[in-house]
Structures are given as C-alpha cells and as structure tokens.
Amino acid sequence: MSHPTDDQPDEQPDEMVATGLRAGLDDYDLSDEDLSLLQRGDGDDLGLAPQGPLPVLAVVGRPNVGKSTLVNRILGRREAVVEDVPGVTRDRVTYEAEWSGRRFLLVDTGGWERDVTGIHLRVAEQAEIAIELADAVLFVVDATVGATDTDEAVVRVLRRSGKPVVLAANKVDDARTEADAAMLWSLGLGEPQPVSALHGRGSGDMLDAVLAVLPEQSAVGGQYAEGGPRRVALVGRPNVGKSSLLNKAVGSERVVVDDVAGTTRDPVDELVELGGRIWRFVDTAGIRRRVHQTRGADFYASLRTQTALEKAEVAVVLIDAGTPITEQDVRVVQQVIDAGRALVIAYNKWDTIDEERRYYLEREIETELVQVQWAPRVNISALTGRHLDRLVPALDQALESWDSRVPTGRLNTFMGELVAAHPHPVRGGKQPRVLFATQASTRPPRFVVFASGFLEAGYRRFIERRLRETFGFVGTPIEVSVRVREKRRK
C-alpha cells in the first residue's frame, strides 16, 4: 500500500472511505471467492484473466454431419450457424466453452463454403487450416452413413498433423444405432464416441475424452516469457495493406525471423524496430502468405486473427481509409475487444484520399466505430511509410492503460461520488445500492462492483464511461462486472 505524501493529499481520506465501505460488506452474504477478492491488496493481480492461452479444439468433418449442432450442444446455447449454406460468411468461428471446470476455445468449421465438384478437396483443405491452428481435433462423422471417401481424406490430413483426435460418431440417437458407431473403428482413429448432437446423448463422455487429450495451455497460442519486446498483432480484413505495412516496418536489412514450433506450418514472428525500439509482431506468416488469395479466405483470416490475438498484448487494426468502413472491419475490432487486448486503429492509404472522402470517413467512424472512441487513432501510409513513427506513442499509450490499476481507495471515492450524483433508477419499488468496488486484475483492467441489487446494462455502461473519463484507459477495453449480494439474515 502506498503511503501518503505531499503529492497525494487525498490518499488517506480515500483509504478511510474504502475501509468504511469494506466494513459494511460484513453484513452481506459473501462467497469464499468474494472474500479472496477482497483480501488481496492493491497491486496483486487476482488471476481472473486466463493464465496463458486457452487450449484450442477444432471441430472438423464434412458438411451435414451435425458439426454446428454439436458445437451448440457443447456451448449449451445456440450460437453457431446450423444450416450449411454455400458461401455463408460467419460472424465468428471461435467460441469459449467450458466442461468440468476447464475452459477451452472451440473452433467451429461448420459454415464451410463449398462447391459440388470440389467437395473432397474443400473439406480436406478447410480441415487442414483448422487443424494447423488447434491443439486437438474433434472429428465428427455421421454414424448412420458410415465412413465416406471425404471422411477418409480428412483422416489422412489428421494423421499427417500428428494432433490428438477424438472421433465423434454423431446421430447415435438410441441403443439400436450404437452398432453403426462401432463400424467407425475402421477409420483407425481409436474408439468412436457415440453421441447425439440433437438430443445430447453421450456428449458428456465425449467431452471427457476431449479433456483427456487437450493440454492445460495452448501449444499453438504461443507462450512467451514475460518481458522482452512487446507483442503486437497486425490485423484487419483482407487487402487493407497488412503485408505492405509489415514489409515497410521490417525493412530489407533489419528483419529477424523467429520460427516458433508447435504447428504443422510454423507461425512466424518478426522482430521489428520502430521508434528506436524492438517490437515483436506475432504470427505474421498469414500476412506474408497473402492468405486472402487462397480458398477459404474468410474462415482462415478469422482464425488467423484469433490466434495472433491469443499471442499478442496489443493489436493494430488496419483499416483502408479509401473505402467505406465495412462490417468486416467492425468485426475485427470486436475480435480484439473480445480477446481483451489493447487496441490501436491505423487508417491506411491516408495520403491517397481527398477532402470529400475524409469528410465521409469521419462520419463513418462516428457511426460504425462509436463503441471504440477510446482507441488511439493513427493516419498512415503503409506503402510510403508516412507517419509510421506515430504508431509507437499510440502503442505505448494503449499498453500503459492495459497494464494500469486504480487503487481501491481512489476507486471507491470515485464510485461514491458517482452514485451520489447519479443514483441507479428505482425499479419495482427498489433501488440497488453500490456497496464496494475493487479492480480484480489488469491486462485488461477488470472491475468488480458489489451491489445490493441488479445493475442494468445501461448503468454499467455509464460506470464504464465515467471510469474512462476519470482514469483515462486510452486504448484498452475495460470490463465492469457486478456481484449482487444480499444482507445476511440475523
């Protein structure tokens, strides 16, 4: 705990406010987790953020075997697109799942674009991409149909990869069809797990088998020691200039390539000098290979973005200033926020746009990117290298916010003033009271607010907005979660 100095005249009153509010919490029913959260002092990261990248499970299989239905079953909610419609662009391909207290990332390959003539090639190709970026694979086969030529093609890809595989024999809805599942021993992938994605039959046993082969931490997520160059993901939709920016930043003389093993095609990191310092641009293989020219581009780009973000601390989202902001741009920005990474937005090709386009771009930013007004903005030209040096202060500012912590005393003084000036609306004759607030962790900053009743989403957003106005947090997402606690019965 820091001691008051001449520069911190309010430190003592802040601490007294926090101590008083904390004492008042003793009248409420608190869980062991609550108590552990409250007992830690400022400066302790409580480890609520995942320690290291979560293991990745890819769900692969040919169309119409029930992959997306199975993904929804594992998630316990309807999120994945269930219809296999050719050409469907998917909002997300990666979901966070949990089983038996273990969390992992689930990659759904259900929305494959496919054509009738090249179906075998397409399925094997998409499976290869998903397998490359996963720690283990759940291979789904339709037990009622049996193993097809396409299934055999995927098996060959799986064998080459060397990744652990769990074979899910789907559509085993009752005991009579279990014999169909047994026929799939012939694929040579070990014991088939009979499951009904539709009814949930056998899904628990299947998930137990999955956990047995998944590592605790992802081997493909890239594990780096703390310290060393800060890790930057360069992301954005295809054709916005990521390759040009990387090439310009690297320069022909200064490139240092790091091959990080652990996938079929090793991800590549570049050590880049910017602003007189070395930065690690993570997982640049996808950028250098110009993946948008290959098949399965949307799927691959989304997956590659996800893996790059898993390894990074801060993301530079590149947006083409010369064309209207697209839904895909917004989606990439949302991926960064969902991953909890610091964020800088770089508008590329700035030197090629005229006054009229600048006017419309500002309007688009106000409407399409209104939820990330807190992100630093840099206008650059990747081709000429113009203003590339401006990335450095923006990256520094975003990373500093991402790492920053508000002392508990100061936070509760702020909350007390906020609630006094703007109390939560009365709902159903009751008005929830904010009891105490603490910062649970950094990277990104996560705040936990204890309250006597449910705080509406609008009020939580209001708290977040005021936190930003008061403490900065430029360039980092922040999370505000609420724990509703009731008074202990005497």
Side-chain angles (χ1 to χ4, degrees), residues 48-50 52-85 88-112 126-127 129-131 133-143 163-173 193-218 220-221 298-299 302-307 309-310 331-332 334-340 457 477 479 481:
L48 295 191
L54 293 177
V56 181
L57 176 71
V59 183
V60 303
R62 61 186 179 77
N64 300 320
V65 292
K67 293 185 300 297
S68 293
T69 309
L70 192 56
V71 165
N72 288 334
R73 173 65 57 189
I74 295 168
L75 293 173
R77 59 190 184 273
R78 186 183 169 88
E79 274 206 38
V81 177
V82 177
E83 295 79 20
D84 270 317
V85 181
V88 165
T89 46
R90 300 286 305 290
D91 279 3
R92 294 175 67 181
V93 291
T94 310
Y95 306 92
E96 195 174 302
E98 187 174 339
W99 179 251
S100 293
R102 277 184 62 191
R103 288 158 61 231
F104 56 94
L105 292 176
L106 195 60
V107 174
D108 171 26
T109 61
W112 291 346
Q126 292 282 18
I129 291 166
I131 293 159
L133 299 171
D135 294 291
V137 179
L138 182 63
F139 179 37
V140 187
V141 177
D142 183 341
K163 299 284 173 82
V165 180
V166 172
L167 175 60
N170 193 25
K171 305 189 184 178
V172 179
D173 298 338
Q193 298 288 327
V195 65
S196 168
L198 204 56
H199 306 298
R201 187 174 188 270
S203 58
D205 290 342
M206 178 198 72
L207 284 167
D208 288 341
V210 164
L211 291 190
V213 298
L214 265 185
E216 288 290 330
Q217 282 189 17
S218 178
V220 295
D298 280 350
F299 174 85
S302 181
L303 217 50
R304 189 53 96 175
T305 298
Q306 190 75 33
T307 55
L309 291 174
E310 281 283 310
R331 216 152 54 210
V332 172
Q334 191 58 47
Q335 261 188 292
V336 177
I337 296 168
D338 289 345
E479 292 176 21
S481 63

Item checked: Asp142: side-chain contact (heavy atoms from CB on, under 4.5 Å) partners, not counting sequence neighbours -> Arg62, Val65, Thr144, Val145, Lys171
Note to self: Applying salt bridge (Lys or Arg N to Asp or Glu O under 4.0 Å) as the test, list every pair that has at least one member in residues 194-206; sequence neighbours left out.
What the structure shows: Glu178-Arg201
Check: At their closest point, which heavy atom of Asp135 faces which heavy atom of Pro55, and how far apart are they?
Finding: OD2-CA, 3.4 Å
Notebook entry, point to check: Could you give the distance from CG (Leu105) to CG (Leu133), rounded to the nearest 0.5 Å?
Noted result: 12.0 Å
Next item on the list: Identify the two heavy atoms, one from Leu57 and one from Phe104, that lie closest to each other, and give their separation to 0.1 Å.
Entry: CD2-CE1, 4.1 Å
Notebook entry, point to check: Does Ala212 have any side-chain contact (heavy atoms from CB on, under 4.5 Å) partners at least two apart in sequence or in another chain, and if so, which?
Noted result: none
Next item on the list: Spell out, as yes or no, whether a donor-acceptor pair under 3.5 Å connects the side chain of Asn170 to the backbone of Ala197.
Entry: yes
Next item on the list: Check whether any side-chain heavy atom of Tyr95 lies under 4.5 Å from a side-chain heavy atom of Val71, and answer yes or no.
Entry: yes
Next item on the list: Under the side-chain hydrogen bond (donor to acceptor under 3.5 Å, both in side chains) rule, collect the residues that match up with Ser203, sequence neighbours excluded.
Entry: none
Item checked: Between CE on residue Met206 and CG on residue Leu138, distance to nearest 0.5 Å -> 5.0 Å
Check: With sequence neighbours left out, what residues match Glu98 under side-chain contact (heavy atoms from CB on, under 4.5 Å)?
Finding: Arg103
Next item on the list: Please name the pair of heavy atoms, one in Val213 and one in Val166, separated by the smallest distance, quoted to 0.1 Å.
Entry: CG2-CG2, 3.9 Å
Item checked: Name of the residue among Leu106, Val137, Val107 meeting side-chain contact (heavy atoms from CB on, under 4.5 Å) with Val56 -> Val107
Notebook entry, point to check: Roughly how far apart are Leu70 CG and Leu198 CG, rounded to 0.5 Å?
Noted result: 11.0 Å
Next item on the list: Output all residues satisfying side-chain contact (heavy atoms from CB on, under 4.5 Å) with Gln335, sequence neighbours left out; order by chain, then residue number.
Entry: Ser302, Thr305, Gln306, Leu309
Margin query: Restricting to non-hydrogen atoms, name the atom on Ala143 and the atom on Ala169 that form the minimum distance, rounded to 0.1 Å.
Written below: CB-CB, 4.1 Å
Check: Nearest 0.5 Å, what's the CG-CZ distance between Leu207 and Arg73?
Finding: 11.0 Å
